[in-house]
Every structure is written in structure tokens, then in C-alpha cells.
Amino acid sequence: MRLWPTLRLSINPKIMANDTIFNANDQRPELEPVGYETGSLTGVFQELVFTVDHKKLGLMYIGSALLFFVVAGLLASLMRIQLAIPGNTFLPPDVFNQSFTMHGTTMVFLVGMPMAFGFANYLVPLMIGARDMAFPRLNAFGFWVFFFSGFLLYFSYIGAPGLYAAGSAPDVGWFAYSPLTSSAFSRGHSTDYWTLSLMLGGIGSVATAINILVTVFCLRCPGMTLGKLPVFVWCMLVMAFLVILAVPCLSACQIMITLDRYLGAKFFDTQAGGDAVLWQHFFWIFGHPEVYILIMPAFAITSEIIPVFSRKPIFGYPVMVAAVISIAFISLGVWAHHMFCVGMVSLANAFFVTSTLLVAIPTGIKIFNWLATMHGGKLRFELPLIFCIAFLFQFLIAGLTGVMLAVAPFDWQLSDSYFVVAHFHYILIGGLLFTIFAGIYYWYPKALGKMPHFKLGLYHFAFFTIGFHLTFLPQHFLGFLGMPRRIYTYQAERGWDEWNLISTIGVAFQAVGIVFFVANLIYSFRRGKKAGDDPWDAWSLEWTTTSPPPEYNFATLPVVKSRRPLWDAKHPDDPDWKHE
Amino acid sequence: MPAQAVSPPSPALTKVANIFNPHSGPAELILEPTYLVLLVSLGIFLIVTGLLVYIVIKFRQRSPEDPLTEPPQIYGSYNIELAWTVIPCLVVFVLVLVSARTIVEIQDAPMPENALKIRVVGHQWWWEVHYPDLGIVTANEIHVPTGSEDGTRRPTHITLESADVIHSFWVPQLAGKTDLVPNRINHTWIEPVSPGVFLGNCAEYCGTQHANMLLRVIAQSPEDFAQWVVTQQKAPSIPTEPLATQGRRNFYALSCVNCHKIESTPAEGVFGPDLTKFATRQTLGSGVAPRTPETLRAWLANPASLKPGCYMPDMQLSPQQIDALVAYLETLN
């Protein structure tokens, strides 16, 4: 039920977020009517453009991330069609190279990160009992900067070499190893579109991360100490820290490339004595924490869903939080494991083997704690839990192949091979994307007030899971058989033909799964059952308010005494705070 | 063909470059930590998956009508947490030690005095191969000796450089990857145990034709290798056949000499592969096609038809010019 009309621009959002004037329902002030019509298409459009509400921005983040996800998925499908048979001529080499560059850049910067920001935006204020993010206008700024950075990147398809020639998208790979990006090897402007759009996107990311940080530190409701934050909020907090530490390194890299290309700076220009390996160090100092930025939402979402559907609190809360923090900390010191082949001295290689393998310890702790949370529970197999269980299985495989790749001699063989492609798709699709689906199904009733359709969700799960494993499991074997990544074609009879064909067939299953997913989102929005405030019988604060929540989230700011405020309310005889 | 009469027969080609089927020192050394980490991972995989399956079956909600009583609330246990922190620590410790040992064994391996020294320079999209001590320059196909039958080792020490962007040297059955980085000299070594032809690829994305920057290493017995060296060191003979003579004239009259080199002739180009002993190679275009008169004709007519985006331009040759050039190039053995 919507208690208030849509957001008024006349209300200072800061007051909404901080002030306690709305303590009781009867004190809600009468608001000025908005300057635009509600209900019509232009009204909706204006609302989207002008809004500073964290929930609308959160949904806009998730919506645009899904849009870019579909585009990146289409690019991936084109590449898989090209690789289905040896010597295929479906895509010319330059189009293939542009496709994997755009696919990678899109998935990391326009799908993974905005998805994380979307979930953080929508849920962090609700979970900590706040009325909005700390800086709502900065929040809107962050979203629009991200959104237009995506458009800038894709504009390269028509605009890159200038107005008088056909366009060309960036084709240097998403980690753009120099000197391939220097003006000698990357002529035209496609690389400039890549650098500028990432620089722009970086500004938005840092703005949003600062916002999340300040929100968590300053806007928690009474009683919510840091030790009582939901694990979700902890993960998002850690993600925000990583964004602030890592993304500026990327921006610095982009500035340096631009100086190289246009002002003759020669940081990375090997023809003038620059250092190509320097770029790799700089890029991966950003790039490796970035991987953990991307996986944090997976940890966050799983840590909310598994307890609720197992009907038990998260096992070992302090250890879980410590594990997340230590993963983030270690991730700052593992970057050169992407560079075992560049010819570092043996001592440096051994150091990065050690630091990388250390990540396995807190990661293992997390997996065991999730299992322990399920152990002894009463598992309700709703859509969110089903996706989370698949996540556990796939993330386990991804983690183990990660351990393998951390062993430098193994990496000398399989670095830059299809084994690596399989590994990080098990992390980012099998890990991150599955939990994103879980999260979308879990909070769909909260955000839209309707229950997602179970059967459609099940079809989505079945097709997507089968397709996922068909596509990416064979790629491990392709790596063992010596197939390098980023090749647009290959010769027959090298042992790669069958595995590549299976891999391509898997894509069709994934596509059907995605169709069921989109169908479910639309169908449930129109015909779904009314959800009510708390359809899953959950325990965190977002379920205390209406579905969808009103603009101000909570009429009365909640006061919490434990990590599961709704458990306390539902079980006054045995509240959590007695045990914590 | 006269080429066959001079060069020894080529050893068998292994098309499937399986890393579990190594044929040389470093690749064999890598296999030990590989099996260890695979075994450890398999163990962990079975344990955790077993637990997951057990939990999912055992603790499922029995029926939807199951009255909504909540299970016992358990908040954690520091003893259990300690157990699953310490055990992974031990596993990590072992893996670190094993990795470190193999890293040093491969990276810091001492090279014997008699090791064959090769310098490989990566180009967009082909490999330049120098044998500095033997005065041989070739491309895309690396001939190396195996150890001799009396047990004398003869590893090949390879110096890796790049002329343009980063490439990576990867022949899975012989050694792991090492990058070719401009402005930097890297090293790797191989030591094939038996004769054979081993396929490899450039393994670092290097631009349009990264996919067709193929590589083959031809390991030969010491005797066959010595014979190959003798062949390569001979100065090219001047063809006597009229068509080939015509082709030779074309080669110098057209722009071929700007990019290609033929030893002891005015052709001194350095941008493309050295063609001195072109007709002793098995492939053309860095492995994009086998070297036959037909593929060579197609290549000369338009290189981009075989390797789109490559830097060798379409020289707009007439069919007669192509025939003559093919005849000439086939005499370079």
C-alpha cells in the first residue's frame, strides 16, 4: 500500500533521511503536489529522471544492469556461434575481437558493478532502518554517470573513428594490455571511447561507494551497532571500501593512457622506452580487488537467503564478517597472480602464490558456515534458496579452480587458456549471477509487492543451470588441451571441436532460461499474487515495512536489539539478543 | 621434390596438445604440482559436495503442511570454526611449498654448457627465430634437438623478445607460457625427450590475427638436427629453371624485398619473415595453412584471404607473376 504520493522535489531529501519529524503516522505533513503528472508515460519518465529516492535508483541500477546484461549476452552468443565449428567464418576477426572486448567491459563495469550498487542502494537503507542514503542527490548523480558511461562506450560502434568513417568498437580486450593500446597499434578512437567511458564510470562508482560508506556509518537506526548489521550490509560496506581503494587506480591508468596517446607521455609506450609490464601492475592493482567487488554481492545475498530459508540464524556471524573483511584485505595483495607469465623473478612468483592461496582460507570458512547454517534447519525450497544452493556448488568449483590457478606452475600452463575462461565464468555466472537471480526473486515481492511465479522460476533455473554447465564445464577441458582464449578461430582436429560445439549448444539453453526469467518478471508484475509485508517470514528490517515500501521507508524509525529484529518481534519468549 | 632429398623426414605431428601428455622437461615438472592440486581439489570437492547433498536431503522441509515450528536456533561454535580454519591452512601450506619448489626448479634451472641457444622475437602475427651460434634465421617453426641416445642432455634455452606488442610463447607439451614483452628479455627452456612435432599458439591477445599466430616446434634426433643445420647454413642456390628465374627477377623487381630477406642476396627486408630457406618449412603464414604450391598461390594472390587483417598487403600480382614467384620460392631449400 502506498501511503504517500510520489516523491516531492520540494522536500529536502537530507531532511527526509536524517530528521525525526516523521516519528508517528499522524505527524506526516501534507505535501505540495508535484509539478508533473503522475500515471502518464511522461510522468513516469520525469519521475525516473528527477528521482533521488534510493529505492527507485536501486531499481534503475538493476534494470539498466539487466539491459546491459542482455546486450553482453548477445555478444557472447555471437562469439560462441563463431567458435562452434573450426574455421568458421561467421564473424570476421576484428568483429570477434571487438565482441570479447565489449562483452568483458560490459559485464564487469555495466552489469556486475551496477548490479551490486543497485542491491546496495535498494537494501542498505532499508536494512539499517534509514529513510534514504546519506547523499540522495549524489546517489542520483552516480547512477546517471554510470548510465551515460555505458552509452558512451556503445557509441563507439557508430562514432569511434570520427564522423566520416564507419565506427569501430574497442578491440584491445577488457584489460587492454599496453602497448596494444598505444597510438601505434590502436589507431582511430575506439580505445579512447574505452578509456573515457571507464574514467566516467569510475567517478560514478566512487561517488556511490562513498555514499554507501557514509550511510552505513551515519544513518543506522537506534540500537543497530556495527555488530548487529546484517551480513548483507557488512558485505556491501566492504565492497564500498574496495571500490574506493581500487577504482581510482583504474582512473589513474586511464589518465595515463590518455596522456600517452595524446600528449606523448610514454608511460607504457615501449617504442619510446616505456614499460608494458607497468600497465599490468597498475591495472591488476585495480583489477584483482575488482573481482572481489563483483563477488561481494554474492556473499551478501547468500548470507541473507540461506538463513531465512533454513529457518536458522547465520552460523558464526562474527567469523563470517571477519572472513569477508580478510578476503577484502588479502585481495589487495594478490594482483600479480595475473602475471605469472610475464617473467617475474621466482621469489616474486612464490610470494604471489602464497598470498593468493591465503584467500582460500576465509573463502572456505564462508562456504562451511553457509553449510552449517543449513545443517539442522528446515530447508524451504523456494526460488531464492534453489539458486543459492546452485551457487554454493558452482562457487565451490570456481574456488577450487582458483586454487589450481594460484599454483604458479599450473598457471604457466593454463593462464590465458580456456581453463581461465571457465574459472572466472564459474565465479561470475555460476557465483555472482546465480545469486543475483536469487536476490531478485527474494526481494521482488518487497520491491514490487507481487510474488514471483514459482513454476516459471523453476524453468528458468533448470534451463539456465543446464546451459551454464554445458557451456562452461567443457571449457576447462579445452584449457587442458591447449586452447588459448581470445582466438576468433581454430584449426580442426586439435581435440577442440567437440568441446566447442557442446559449449555453444549450452548457450541456447541459457538463452531459453533468460527468456523464462524475463517472462517471470513481467508476468508476476501483472498477475502475481499480492505479497504482503513479509512473505518469506524473514527477519531483517526491510520486511517490517510495506511492499513496496513508502518513500520514507519507515513511518517510525525502528529500534533494534539484535541481529534479527523481526525474530525478536515474532518470538518475544525467546529473543535473539539473549543469545548474542 | 628435391626438398625431401636434402632434409631428413619430419617426425610425427601431435595435433592434440594435451598438457597431461608432456614431452619435455618443464612440462613434465609442472605435472607434479598439477596432479597434487587436482587431487587435493577433488578431495575437497567430494567432501563439500557430499555434505551439501546430505544437508539438502536430510534437512528439507518434509511437507508444506509441516506446522511452522522453527528448528533449534544455533548461533555458531568457535571450536568448529577453528577446525575449518586450521585444516585449510595446512593444505595451503603444503601447496605453497610444492609450488615454490617447482617454480625454482623450472625458473632457475641451470643450463648446461652445450645447451642450444635460440632467440625468438614475436611480431604481429608471426615468430622470428634466430640461432645466434649457428647463424641461422627462420620463422614460425623451431627445430631443436632431443637428447642423444647415450643419455647426454641437450636442452634448448630460448630468449624471448617482442618487436611490437606482448605475445606469449606456449607449446603445452613442452613448457608453460612465457610472455614476449617489448623492451624486456625473458627466458624459457625446453628439452624434448623424443622426436616429434608439437603445436603451440601465441597465448596473449596481440591484435587482429592473434588466433593465427601459430607455432610449431620440431624436435629431431641429434643426427637429424645436425643435418637440418647444414641445410639451413648453405647459401641459396640460384635457380636455373626459366620459370623460377623469372620468379627470382619478379621477387627483386616487385616490392617483396622491402619486407623479406633472402640471405646473400639484395633482399634485406626485416618486417616480414626471413625467406632464405622458405621451402624447408611445413607451413606458411605462421601456421595458417600447410605450405603447398596451391596455398602459396592463394597467399600471394591475396594474403588476407587466408589471414584477414595481416600486414602483408595484396600486391595485385598477375597470375603469371604468381606462378613465377611460386616456382622461385619453392627452390629456396
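When reading the values below, keep in mind they use all heavy atoms of this one structure, side chains included, and skip hydrogens, waters and symmetry mates. Nothing here was measured: the structure is a model prediction, and the numbers come from that model. Each chain gets a letter, A, B and so on, in the order its sequence line appears, and its residues count up from 1.
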Is chain B contacted by the side chain of [X], its backbone, both, or neither, given a heavy-atom distance below 4.5 Å?
X	value
A:Asp275	side chain
A:Trp567	side chain
A:Phe351	neither
A:Pro362	neither

Before accepting this row, confirm whether a basic side-chain N of the pair A:Asp537/A:Arg311 lies closer than 4.0 Å to the acidic partner's carboxylate O. yes
Chain A contact via [X] - which portion, at a heavy-atom distance below 4.5 Å:
X	value
B:Val53	neither
B:Trp84	both
B:Thr14	neither
B:Asp108	side chain
B:Glu81	side chain
B:Ile106	side chain
B:Phe169	neither
B:Ala27	both
B:Asn21	neither
B:Leu31	neither

From the list B:Gln124, B:Gln209, B:His123, side chain to side chain donor-acceptor pair (under 3.5 Å) with B:Tyr311 holds only for B:Gln124
Are B:Ile80 and A:Phe368 packed together at the side-chain level, in the sense that at least one heavy-atom pair is separated by less than 4.5 angstrom? no
Kindly assign one of parallel, tilted or perpendicular to the pair B:His23 and B:Phe198, based on the angle between their ring planes and the thresholds 30° and 60°. tilted
Winner by heavy-atom pair count (cut-off under 4.5 Å) against chain B, out of A:Val172, A:Val353, A:Thr354, A:Val319: A:Val319
Does atom CZ of B:Phe20 have more than 12 heavy-atom neighbours, drawn from other residues, nucleotides or ligands, at distances under 6.0 Å? yes
Approximate separation, where rounding is to 0.5 Å, of A:Met483 CE and A:Tyr490 OH: 6.0 Å
If you draw the axis of the six-membered ring of A:Phe175, does the NZ or CZ of A:Arg486 fall within 45° of it and under 6.0 Å from the ring centre? yes
